[in-house]
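Ligands are counted one by one from 1 in listed order, and the atoms in each one are counted from 1 as well.
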Amino acid sequence: MQEVRKEARERMKGFCRVCKECDGRACAGEVPGMGGLGTAASFKSNVEALADYKLRMRTIHDVSEPDPSTKVLGYDLSIPVFAAPIGGVSFNMGGKVSEEDYIMSKVKACDANGIVGCTGDGVPPFISEAGFDAIKAVNGKAIPFIKPWEGDEFFEKIEKAAATGCTTFGIDIDAIGLITLAKMGRPVAPRGVERLKALIERIPGQVLLKGIMTEEDALAAVEAGAAGIVVSNHGGRVLDHTPGTAHVLPAIAEAVNGEIAVLVDGGIRTGVDVLKMIALGADAVMIGRPFSIATVGGLEEGASKYIQQLTGQLKSAMVLSGCESIADANSNMITDVLGQ
Ligand SMILES: Cc1cc2nc3c(=O)[nH]c(=O)nc-3n(C[C@H](O)[C@H](O)[C@H](O)COP(=O)(O)O)c2cc1C
C-alpha cells in the first residue's frame with residue numbers, strides 16, 4: 001500500500017496530496033478536486049465524528065476466527081464494504097489515468113475480492129458511460145449511481161444502466177447541492193416524497209437513495225419505496241457545516257428499524273472505522289476517497305490491496321472487541337471519547 005500511495009501522490013499532484021490522514025484539512029475548498037466544499041467543515045466533521053467513538057477492547061472471550069462477511073441488498077459481501085461512486089478523474093484526480101481504466105479497475109477489484117463497486121455520474125456523459133462498461137464487465141455485480149436529472153435524461157440513463165445487468169440503481173439525491181453541476185449549467189432540483197415515489201416506481205430494480213442525513217428524510221425514503229439509503233453528506237461536497245455521518249447514523253438506524261438497508265459513508269478509512277459504523281447501526285459502509293487513491297495509484301492491484309488491508313484490519317478489530325460476526329456488532333462495543 002505504501003508504494004501504491006506513493007504512486008498516487010505523483011499521479012494526483014495538484015488534486016490530492018494523499019495525506020497520511022485523509023481528513024479534509026489540506027484540500028479544504030478544492031471542489032472540483034478531492035476536497036470538501038467551502039471550509040470543508042462537513043468533510044472534517046465526518047472524520048471527527050468517527051474519532052469521537054472508541055471501541056471497547058475485549059480480551060477475555062473465545063472469538064479467534066471472526067466472520068466479517070454479510071449479506072446486504074441481496075449481495076453476499078466478504079466484508080460489509082462498498083466502494084463509493086466517485087467519478088471525474090480528469091477534473092478531480094489529475095487525469096493521469098483514464099476514466100475507463102480507473103472505473104474498470106475499481107469495479108473489477110471489488111468483484112474479485114467479494115465486495116461491490118459503485119459507479120458515478122455527472123457532466124460529461126463519459127463518466128456514467130465508463131461506469132456502465134465496467135458494470136457489464138462484472139456481469140452486473142456493481143451499482144450505478146445516477147443523478148436525479150429532470151426530464152428524459154434520468155430515464156435514458158436508467159435504461160442504459162439496466163442494460164448492464166445490474167439489480168440495484170443508486171440515486172445521489174444530494175446532488176441538488178453540487179456546485180460542479182451548477183457551474184456546468186446543469187443543476188438538479190429536489191423532489192418531494194410523492195414525486196420520488198413516482199420516480200422509484202418506474203425504475204426496473206431496487207433503489208438505493210444516497211444523501212440522507214436526518215430521520216425525517218430516512219422515513220420519507222422508506223415511504224417512497226427505496227430498498228436502502230446511504231447516510232451521507234457526499235463526502236462534504238454539497239453543503240458546508242453538516243454534522244459528521246457517524247453522529248447522525250444511530251438515530252437514523254433506529255428510526256428505520258430494519259425496514260430497509262442502512263448504509264453510511266464519510267471519513268471511513270480503516271477496518272476499525274468500518275466496525276465502528278456497523279456497531280453504530282449500519283448494515284454496511286461505503287468508502288470513497290481511499291478507493292480512488294488506491295485505484296489511481298495501482299489500478300486493479302492497488303484497489304485489491306486496499307480491500308485486503310481493510311479485511312485484515314476489520315478481522316483484527318473484531319477479535320479485539322470480541323465480535324464474532326457482523327450481525328453481532330452493536331452499540332455496546334462503542335464508547336465515546338470520555339470512555340462512557
Ligand atoms: C471527487 C469526488 C467525486 C464524487 N462523485 C460522486 C458521484 O459521481 N456520485 C455520487 O453519488 N457521489 C460522488 N461522490 C461522493 C462519494 O460517493 C462519497 O459519498 C464520499 O466520497 C464519501 O466520503 P469519503 O470520501 O470521506 O469516504 C464523489 C466524491 C468525491 C470526493
Side-chain angles (χ1 to χ4, degrees), residues 12 15-16 18-19 21-25 27-37 40 42-51 81-95 99 102-103 106 117-131 143-149 157 161 168-181 184 186 188 207-213 229-239 242 244-246 263-270 273-274 277 282 285-296 306 310:
M12 296 175 91
F15 291 79
C16 175
V18 188
C19 300
E21 252 201 274
C22 175
D23 57 11
R25 281 171 206 284
C27 55
E30 294 179 8
V31 183
M34 294 296 280
L37 185 76
S42 301
F43 182 170
K44 292 178 204 162
S45 296
N46 286 340
V47 177
E48 287 160 7
L50 259 171
V81 173
F82 292 77
I86 292 194
V89 182
S90 59
F91 52 87
N92 287 320
M93 302 173 217
E99 193 78 30
Y102 159 82
I103 197 63
K106 187 158 81 161
C118 301
T119 65
D121 180 23
V123 184
F126 64 72
I127 296 177
S128 55
E129 301 285 339
I143 304 177
F145 273 77
I146 313 285
K147 302 223 172 320
W149 308 108
K157 283 197 167 166
T168 307
F169 297 78
I171 313 177
D172 45 327
I173 48 177
D174 54 5
I176 56 174
L178 275 179
I179 53 164
T180 40
L181 297 184
M184 290 170 184
R186 301 281 304 287
V188 295
V207 171
L208 184 55
L209 293 179
K210 179 165 173 284
I212 303 292
M213 287 294 288
I229 53 170
V230 188
V231 176
S232 173
N233 59 17
H234 213 101
R237 290 168 73 84
V238 290
L239 174 65
T242 72
T245 52
L263 278 63
V264 63
D265 74 14
I268 300 158
R269 306 290 176 250
T270 65
D273 293 339
V274 175
M277 289 297 205
V285 306
M286 283 192 177
I287 300 181
R289 293 171 178 90
F291 262 107
S292 295
I293 290 167
T295 309
V296 171
Y306 180 56
L310 282 171

Might you work through the salt bridge (charged side-chain N to carboxylate O under 4.0 Å, His left out) test for D23 and K44, ending with a clear yes or no? CA-CA 6 Å; D23 57 11; K44 292 178 204 162; over 6 Å; no
Is the shortest side-chain N to carboxylate O distance from K147 to D172 below 4.0 Å?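 D172 and K147: salt-bridged.
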Between K157 and D121, does the salt bridge (charged side-chain N to carboxylate O under 4.0 Å, His left out) criterion hold? Intermediate values first, please. CA-CA 9 Å; K157 283 197 167 166; D121 180 23; 2.6 Å; yes
Less than 3.5 Å apart, N/O on ligand 1 and N/O on the protein: could you list those pairs with the distances?
unit_1	atom_1	unit_2	atom_2	d
ligand 1	8 (O)	D121	N	3.2
ligand 1	8 (O)	D121	O	3.2
ligand 1	8 (O)	K147	NZ	3.4
ligand 1	9 (N)	K147	NZ	3.4
ligand 1	9 (N)	D172	OD2	3.3
ligand 1	11 (O)	D172	OD2	3.2
ligand 1	11 (O)	K210	NZ	3.0
ligand 1	12 (N)	P85	O	3.2
ligand 1	12 (N)	K210	NZ	2.9
ligand 1	12 (N)	H234	NE2	3.2
ligand 1	14 (N)	P85	O	3.3
ligand 1	14 (N)	H234	NE2	3.4
ligand 1	17 (O)	P85	O	2.7
ligand 1	17 (O)	K210	NZ	3.0
ligand 1	19 (O)	K210	NZ	3.0
ligand 1	19 (O)	D265	OD2	2.6
ligand 1	25 (O)	R289	N	2.9
ligand 1	25 (O)	R289	NH1	2.9
ligand 1	26 (O)	G267	N	3.0
ligand 1	26 (O)	R269	NH1	3.2
ligand 1	26 (O)	R269	NH2	2.9
ligand 1	26 (O)	R289	NH1	3.2
ligand 1	27 (O)	R269	NH1	3.3
ligand 1	27 (O)	G288	N	2.9

Close side-chain approach of R289 to C16, heavy-atom, < 4.5 Å: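 Of all side-chain heavy-atom pairs linking C16 with R289, none is under 4.5 Å.
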Quick one: is the NZ or CZ of R25 closer than 6.0 Å to the six-membered ring centre of F43, and within 45° of its axis?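 No, R25 does not lie over the aromatic ring of F43.
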Donor-acceptor side-chain pairing of N46 and N233 below 3.5 angstrom: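 Their side chains do contain a donor-acceptor pair, which is all the 3.5 Å distance test asks for.
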